[in-house]
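What follows is one structure encoded as structure tokens, with my remarks underneath.
One is the number of the first residue; the rest follow in order along the sequence.
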Amino acid sequence: MGSDDLFKKRRKQRKERKYDYKQPKANSFLIVTEGECSEPLYFKGIEKLIKNKVGGNVDVVEVPIIDIQGEGCGTSKLIEKTTETISRAKIIYQNIWVVFDKDDFDDFDTAIKGGLEQGYKIAWSNQSFEYWLYLHFNYSDAALHRDMWVNKLDEIFKQLHLGDCKYKKNYENIFDLVNVNDGVNTAIGNAKRRMAAYNSAKNKPSEYDPGTTVYMLVEELKKYLDE
């Protein structure tokens, strides 16, 4: 290979490296959710408030990838999808959160462990995200099936005349609906109370029913609203 060809090759490689470079972005969030309705719509509600307050300086990127109902995809698949999303991203996110429920999947604990090992933060709920929503109104440590949490939310939505007086996963303003009467701060307090006895070294998330760590993600986001 001649010197001119070698020079051109190296110049091409430098050019490719330049375009492949990813710029780290402070105060950026990548939130990957298991569900396609309640979870992303909830966090988009927080995102809207943050951007209205700080003028768009904080990016919260919601990526609803897997709808577990009818898909049969385990929670570990969501960790894989998160890694794929990160590899395609044009920036390096400062905060990477994966949000998923236990439901009936057997790989719940494995997925949490795998995500943490890759440096992701995990906002899990046992059994479902609806338990986290319920905590916006009341405290409970009852181990109920996820369908029961939906029923309890139905009762609350009817009693308080929220939405169509019935809980639905596709309310675009779900965050505003459950935040009535300072619901988010109530949920954070209730979740901390429930999780106070949780010890990650002794307790398996799949066996800590009910439980949720979604409050940790919400607290991180609320910092931009409380300043």
Side-chain angles (χ1 to χ4, degrees), residues 13 15-47 50-51 56-132 146 169 191 195 198 200-201 203-208 211-224:
Q13 290 174 339
K15 186 176 181 181
E16 289 175 348
R17 286 197 297 269
K18 179 180 178 181
Y19 285 111
D20 287 342
Y21 177 73
K22 294 184 179 182
Q23 179 69 39
K25 190 166 185 179
N27 298 324
S28 58
F29 288 79
L30 173 65
I31 302 175
V32 182
T33 71
E34 176 186 10
E36 293 181 320
C37 292
S38 298
E39 296 98 318
L41 291 173
Y42 179 92
F43 289 112
K44 286 180 73 173
I46 302 179
E47 173 194 9
I50 292 174
K51 289 190 172 181
N57 292 326
V58 180
D59 288 337
V60 183
V61 183
E62 165 272 311
V63 186
I65 298 175
I66 301 174
D67 181 1
I68 61 168
Q69 296 189 12
E71 295 291 337
C73 295
T75 45
S76 293
K77 186 66 176 179
L78 193 64
I79 302 299
E80 296 177 15
K81 290 290 186 180
T82 300
T83 302
E84 292 174 7
T85 299
I86 293 170
S87 68
R88 296 193 302 266
K90 296 181 180 180
I91 66 171
I92 297 175
Y93 293 99
Q94 184 182 40
N95 305 279
I96 300 170
W97 282 88
V98 188
V99 184
F100 56 82
D101 303 339
K102 178 182 180 298
D103 292 322
D104 291 326
F105 293 120
D106 296 328
D107 61 347
F108 186 62
D109 297 324
T110 302
I112 292 174
K113 183 175 183 293
L116 293 174
E117 288 176 348
Q118 294 192 55
Y120 307 152
K121 299 177 182 179
I122 310 297
W124 56 265
S125 295
N126 185 3
Q127 288 190 358
S128 67
F129 190 74
E130 277 70 28
Y131 173 63
W132 162 250
R146 59 184 180 276
K169 290 179 175 290
M195 298 304 292
Y198 176 76
S200 59
N203 304 121
K204 291 183 177 181
S206 62
E207 297 174 352
Y208 203 83
T212 181
T213 61
V214 174
Y215 73 93
M216 295 180 180
L217 169 54
V218 175
E219 278 193 316
E220 281 200 11
L221 296 174
K222 278 187 81 279
K223 291 178 182 177
Y224 301 100

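Between Lys169 and Glu130 there is a salt bridge, with a side-chain nitrogen of the basic residue lying less than 4.0 Å from a carboxylate oxygen of the acidic one.
Checked against the 6.0 Å centroid threshold, Phe29 and Phe43 do not count as a close aromatic pair.
Side-chain contact check for Ile79 versus Val98: some heavy-atom pair is nearer than 4.5 Å. Counting heavy atoms from C-beta on, the side chains of Arg146 and Asp101 never come closer than 4.5 Å. With contacts defined as side-chain heavy-atom distances shorter than 4.5 Å, the pair Asn95/Lys121 qualifies. Between Asn126 and Pro205 the shortest side-chain heavy-atom distance does not fall below 4.5 Å. No side-chain heavy atom of Lys204 sits under 4.5 Å from any side-chain heavy atom of Phe108. Within the 4.5 Å cutoff, no side-chain heavy atoms of Tyr131 are placed close to those of Val214. Under the 4.5 Å side-chain criterion, counting only non-hydrogen atoms from C-beta, Ile86 is in contact with Tyr120. Side-chain atoms of Ile112 and Phe100, non-hydrogen and from C-beta on, do get closer than 4.5 Å to each other.
With values rounded to the nearest 0.5 angstrom, Gln94 atom CD is found 12.5 Å from Leu30 atom CG. To the nearest 0.5 Å, atoms CG (Leu217) and NZ (Lys222) are separated by 12.5 Å. Taken from OG1 in Thr212 to CH2 in Trp124, the straight-line distance is 7.0 Å, to the nearest 0.5 Å. Rounded to the nearest 0.5 angstrom, Asp109 CG and Lys102 NZ are separated by 8.5 Å. Considering CG of Leu41 and CD1 of Ile46, their distance stands at 12.0 Å, rounded to 0.5 Å.
At most 12 non-hydrogen atoms from other residues, nucleotides or ligands lie less than 6.0 angstrom from CG of Asp106.
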Show your reasoning for whether salt bridge (Lys or Arg N to Asp or Glu O under 4.0 Å) applies to Glu80 and Lys77. CA-CA 5 Å; Glu80 296 177 15; Lys77 186 66 176 179; 3.5 Å; yes
Checking salt bridge (Lys or Arg N to Asp or Glu O under 4.0 Å) for the pair Lys113/Glu117: CA distance, chi angles, key distance, verdict? CA-CA 6 Å; Lys113 183 175 183 293; Glu117 288 176 348; 2.5 Å; yes
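Closest approach of Ser28 and Ile92 over heavy atoms only: OG-O, 3.9 Å. Considering every non-hydrogen atom in both Trp132 and Ala191, the closest pair reads CZ3-CB, 3.9 Å. Of all heavy-atom pairs between Pro40 and Thr33, the closest is CD-OG1, 3.5 Å. Looking at every heavy atom in both residues, Ala123 comes nearest to Thr213 through CA-OG1, 3.4 Å. Scanning both residues, Ile31 and Leu221, for their nearest heavy atoms gives CD1-CD1, 4.2 Å. The two residues Val99 and Leu78 have their closest heavy-atom pair at O-CD2, 3.7 Å.
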